[in-house]
Novice: 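This is the structure I have questions about; it appears just below.
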Amino acid sequence: MKVLLVAVNAKYIHSNLAVYSLKEYAEKYGKNEHEIKIKEYTINQYTEEIVSDIYEEQADIIGFSCYIWNIHQVMQVINDLKSVCTKKDIWVGGPEVSYNAVQVLSDNANVNYVMCGEGEEILKQFLDNYHEGKLQRKDINGLVYREDGQIKANPMMKPVDISDIPFVYRDMKDFENKIIYYETSRGCPFSCSYCLSSIDKKIRFRNLDLVKEELRFFIDNKTSQVKFVDRTFNCNPKHAMEIWRYIKENDNGITNFHFEIAADLMTEEELELISDMRPGLIQLEIGVQSVNEETLQAIHRKTDIGKIESITGRIRQNKNIHQHLDLIAGLPYEDYSSFKNSFNTVYAMKPDQLQLGFLKVLNGAGISEEAKEYGIVCSNRPPYEVLKTKWLTFDEILRLKEIETVVEIYYNSLQFSETIRKLEEFFKSPFDMYERLGRYYKKYSAGGLKHSRVNRYVLLLDFIMEELNLTEEDSFAWKELLTLDFYLRENAKTRPVFAKSLEDSKKKIHKIYCHPQLKQKLKNYVNYSSKQIEHMTHIEVLKGRYILFDYLNRNALTKAASTVDVTTYLQL
């Protein structure tokens, strides 16, 4: 019998850790009477393309990993498959179907089974008991199925020992150009009502000796990034310290490790350990969600905002760790004014990235039971995003969407940092600035118009000119700032329209590149000729100074080129 495990990912760069864990576990502990194969697709592929590719596999059993971002397309694929493969058994699993499994089977006649919760042991038992289409279904915990015209749900399967799950990465060539996901724990100590992770209170940790062996594999293979999917990585300080210490001691100078943490749980020992790590070795994602105490209490989130401010500030001072902070709009008791305060408070923490997200009322999450009480109205289609609440109108949601767009473009991209930092001085608060910028950007993006990177600079300049009521003469300093931001990120050979002409400076720039001592000033250019260095770098005249942009030496966190004042090299 042939078994096909199917993942439909949000992007090509993603991989689905779940289906690989299912396969490895079943092959290691099962009877191995079946061939198991994995196929990964993306939601950007045509449904017909996915259907035809799955059909050609001629599998007897087909399983789909279901999430909010793919459930609609997965069901389309299943319905089309069943039209041409009526006898094949199709099952689904994953967070999008685990907490409403009976409803899933009731609504989808072409689905034969739903596997609820952790799937490793369920799939193993399913396959061990599957013989020529016959299955002792009542004996498999975690399974929901049809029998005699009724839908039956077995008790949940006992969680597996996470240390028993085999390491899924054998040949990194199979994951080339993909984000590598890895887990060392399951469960979460918190009870946040909007999150499915809060359902699993049994926090289990992978054996640290195993973890170190697996981290060694990533390090030896010079994997570019490993993203830990542990829900609160530092909930156990000893576990976190062991892993961070190992990563630090075995740093290969290349691999970056991503962690989701609770900043207010950070210990002095942890802060000391990470304080002198290589810039870019680790990055931290920190969920703040709101600074409204009534909101935090309503969603059962225990957070010390003052401590988060203090901890993120201390981490930022060392300039070696990328910090990504999250906010959620649409939570109980958070009106537009309150969210503005949350935004400004988190923005003041100066994260490298600030994610402005919107509440998603997920099946199984506590907030889904409380939605009516809070007047939370959400879309009935995945991802079930909030439309309005008692405290936030749909008009206000749309305004926050505008802000989200420009925060992503002008802040999180890190491409406009110098200009944005200066522009903040002209507004009462960062929120006010992004609110006005969001409205302006929407006005010039009618009909879904997409702007090129250069045009986004032009739009920002136009916004500044209009908002600050500047004359063309007044705009000179802003154009220089935009030019600085532009060349910090890109060694562009075509000058942007807002940059002043360098025609009168060409001879001086050439003279600098020919200076015999320039190579001594620049790292990594000793073996290059002056002409090659001129091609690999860029010199811009800013505030009367000649500034060289060195693209071989970039900031590990912002990716901005390093800059060198080379004005003195005009004297030969």
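Since this is a predicted model, take the numbers as computed values, not measurements. Throughout, residue positions are numbered sequentially from 1 according to the sequence presented.
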Novice: For the aromatic rings, using the six-membered ring if either is Trp, is the centroid distance between Y336 and F431 under 6.0 Å?
Specialist: yes
Novice: Applying ring pair (Phe, Tyr, Trp, His ring centres under 6.0 Å), name anything that partners Y169, two or more places apart in sequence or on another chain.
Specialist: F167, F175, F218
Novice: Any chance you could lay out the salt bridge (Lys or Arg N to Asp or Glu O under 4.0 Å) test for K28 and E120, step after step, and finish with the verdict?
Specialist: CA-CA 11 Å; K28 181 173 181 178; E120 285 91 355; over 6 Å; no
Novice: Between Q353 and N412, do the side chains contain a donor N or O and an acceptor N or O under 3.5 Å apart?
Specialist: no
Novice: Would you call the rings of F259 and W244 parallel, tilted or perpendicular, taking 30° and 60° as the class edges?
Specialist: perpendicular
Novice: Within this structure, what is the CG-CZ distance for the pair N236 and F205, rounded to the nearest 0.5 Å?
Specialist: 4.0 Å
Novice: If you take all heavy atoms of V144 and A101, which pair is closest and at what distance?
Specialist: CG2-CB, 3.7 Å
Novice: Check E213 with R216, please: is the shortest side-chain N to carboxylate O separation under 4.0 Å?
Specialist: no
Novice: State, with a plain yes or no, whether a side-chain heavy atom of I305 is found less than 4.5 Å away from one of L296.
Specialist: yes
Novice: Would you say that V97 contacts F64 through its side chain, given a criterion of any heavy-atom pair below 4.5 Å between the two side chains?
Specialist: no
Novice: Residues in salt bridge (charged side-chain N to carboxylate O under 4.0 Å, His left out) with E270, at least two apart?
Specialist: none
Novice: Given 3.5 Å as the limit, does a donor-acceptor pair link the side chain of N108 with the main chain of V111, or not?
Specialist: no
Novice: As a quick check of understanding, evaluate side-chain contact (heavy atoms from CB on, under 4.5 Å) for I36 and L127, giving each step before the final call.
Specialist: CA-CA 10 Å; I36 305 175; L127 297 182; 3.7 Å; yes
Novice: Which class fits the ring pair F343 and F339: parallel under 30°, tilted 30 to 60°, perpendicular over 60°?
Specialist: tilted
Novice: List the residues meeting salt bridge (charged side-chain N to carboxylate O under 4.0 Å, His left out) with K23, not counting sequence neighbours, and say none if there are none.
Specialist: E27
Novice: Of all heavy-atom pairs between I315 and N320, which one has the smallest distance, and what is that distance?
Specialist: O-OD1, 4.2 Å
Novice: Taking CZ in R245 as the centre, count heavy atoms belonging to other residues, nucleotides or ligands within less than 6.0 Å. Is the count above 12?
Specialist: yes
Novice: Please list, one pair per line, the donor and acceptor atoms closer than 3.5 Å that link side chains of residues 10-17 to other protein atoms, with sequence neighbours excluded.
Specialist:
unit_1: S15; atom_1: OG; unit_2: I179; atom_2: O; d: 3.2
unit_1: N16; atom_1: OD1; unit_2: A18; atom_2: N; d: 3.0
unit_1: N16; atom_1: OD1; unit_2: V19; atom_2: N; d: 3.0
unit_1: N16; atom_1: ND2; unit_2: S65; atom_2: OG; d: 3.3

Novice: Should we say atom CD of Q297 is surrounded by more than 12 heavy atoms from elsewhere, each under 6.0 Å from it?
Specialist: no
Novice: Is atom CD of E272 surrounded by more than 12 heavy atoms (other residues, nucleotides or ligands) closer than 6.0 Å?
Specialist: no
Novice: Give a yes or no on whether a salt bridge exists between E396 and K340, defined as a side-chain N under 4.0 angstrom from a carboxylate O.
Specialist: no
Novice: Does E249 have any salt bridge (charged side-chain N to carboxylate O under 4.0 Å, His left out) partners at least two apart in sequence or in another chain, and if so, which?
Specialist: none
Novice: Walk me through whether Y347 and E424 qualify under side-chain hydrogen bond (donor to acceptor under 3.5 Å, both in side chains).
Specialist: CA-CA 11 Å; Y347 194 89; E424 290 171 14; 2.5 Å; yes
Novice: If I take atom CD1 from residue I162 and atom CZ from residue R186, how far apart are they, to the nearest 0.5 angstrom?
Specialist: 5.0 Å
Novice: Is it true that the NZ or CZ of K401 lies under 6.0 Å from the centre of F358's six-membered ring and within 45 degrees of the ring axis?
Specialist: yes
Novice: If you count every heavy atom of other residues, nucleotides or ligands that lies below 6.0 Å from K372 atom NZ, does the total exceed 12?
Specialist: no
Novice: Please name the residue in the list K248, K212, R206 that meets the salt bridge (Lys or Arg N to Asp or Glu O under 4.0 Å) test with E242.
Specialist: K212
Novice: State the CG-NZ distance between L143 and K152, to the nearest 0.5 angstrom.
Specialist: 12.5 Å
Novice: Which atom pair, heavy atoms only, marks the closest approach of L354 to Y411?
Specialist: N-CE2, 4.0 Å
Novice: Go through N250 and L215 one step at a time and tell me if the side-chain contact (heavy atoms from CB on, under 4.5 Å) criterion holds.
Specialist: CA-CA 9 Å; N250 294 276; L215 292 175; over 6 Å; no
Novice: Y182 vs F228 aromatic rings, parallel, tilted or perpendicular, using cut-offs 30° and 60°?
Specialist: perpendicular
Novice: Taking N363 for the side chain and Y99 for the main chain, is one N or O donor matched with an acceptor at less than 3.5 Å?
Specialist: no
Novice: So which atom in R231 and which in G187 form the shortest heavy-atom distance, rounded to 0.1 Å?
Specialist: CB-O, 4.0 Å
Novice: So do I397 and L392 actually touch side chain to side chain, heavy atoms under 4.5 Å?
Specialist: yes
Novice: Do you know the tightest heavy-atom contact between S342 and V291?
Specialist: OG-N, 3.1 Å
Novice: If the condition is ring pair (Phe, Tyr, Trp, His ring centres under 6.0 Å), which residues does Y145 pass it with, not counting sequence neighbours?
Specialist: none
Novice: Taking L210's backbone N and O only, do any of them form a donor-acceptor pair with N207's side chain (distance below 3.5 Å, no angle check)?
Specialist: yes
Novice: Between T312 and Q323, does any side-chain donor sit less than 3.5 Å from a side-chain acceptor?
Specialist: no
Novice: Report yes or no: does K559 contribute a side-chain atom to a donor-acceptor pair with the main-chain N or O of A556 at less than 3.5 Å?
Specialist: yes
Novice: With a 4.5 Å cut-off on side-chain heavy atoms, are Y25 and V160 touching?
Specialist: yes
Novice: Please report the interatomic distance CG(N154) to CE(M115), rounded to the nearest 0.5 Å.
Specialist: 11.5 Å
Novice: Specify the closest pair of heavy atoms between I71 and P382, including all atoms of both residues, with the distance to one decimal.
Specialist: CG2-CG, 3.2 Å
Novice: Please determine whether a side-chain nitrogen of the Lys or Arg among E176 and K173 lies less than 4.0 Å from a carboxylate oxygen of the Asp or Glu.
Specialist: no
Novice: Just by distance, with hydrogens left out, do E285 and H258 show a side-chain donor and acceptor under 3.5 Å apart?
Specialist: yes
Novice: I need the Q355 CD to Q289 CD distance, nearest 0.5 Å.
Specialist: 9.0 Å
Novice: Under the criterion side-chain hydrogen bond (donor to acceptor under 3.5 Å, both in side chains), I'd like the reasoning laid out for D230 against T184: C-alpha separation, chi angles, the key distance, then a yes or no.
Specialist: CA-CA 6 Å; D230 304 47; T184 69; 2.5 Å; yes
Novice: Mind running side-chain hydrogen bond (donor to acceptor under 3.5 Å, both in side chains) on Q283 and H324 for me, showing each step along the way?
Specialist: CA-CA 8 Å; Q283 63 187 67; H324 173 130; over 6 Å; no
Novice: Taking the inter-plane angle between the rings of W391 and Y374 on a 0 to 90° scale, is it parallel (under 30°), tilted (30 to 60°) or perpendicular (over 60°)?
Specialist: tilted
Novice: Is it the case that the side chains of N129 and Q125 hold a donor-acceptor pair, with the cut-off being a distance below 3.5 Å and no angle test?
Specialist: no
Novice: Do H239 and S185 pass the side-chain hydrogen bond (donor to acceptor under 3.5 Å, both in side chains) test, and can you show the C-alpha distance, the side-chain angles, and the key distance before you say yes or no?
Specialist: CA-CA 10 Å; H239 181 82; S185 66; 5.4 Å; no
Novice: I'd like to know if the side chain of N344 reaches the main chain of S429, judged simply by a donor and an acceptor atom lying under 3.5 Å from each other, with no hydrogens or angles considered.
Specialist: no
Novice: Would you compute the distance between atom CG of N318 and atom CG of D276 and round it to the nearest 0.5 angstrom?
Specialist: 8.0 Å
Novice: Heavy-atom distance under 4.5 Å between the side chains of I54 and Y41, does that happen here?
Specialist: yes
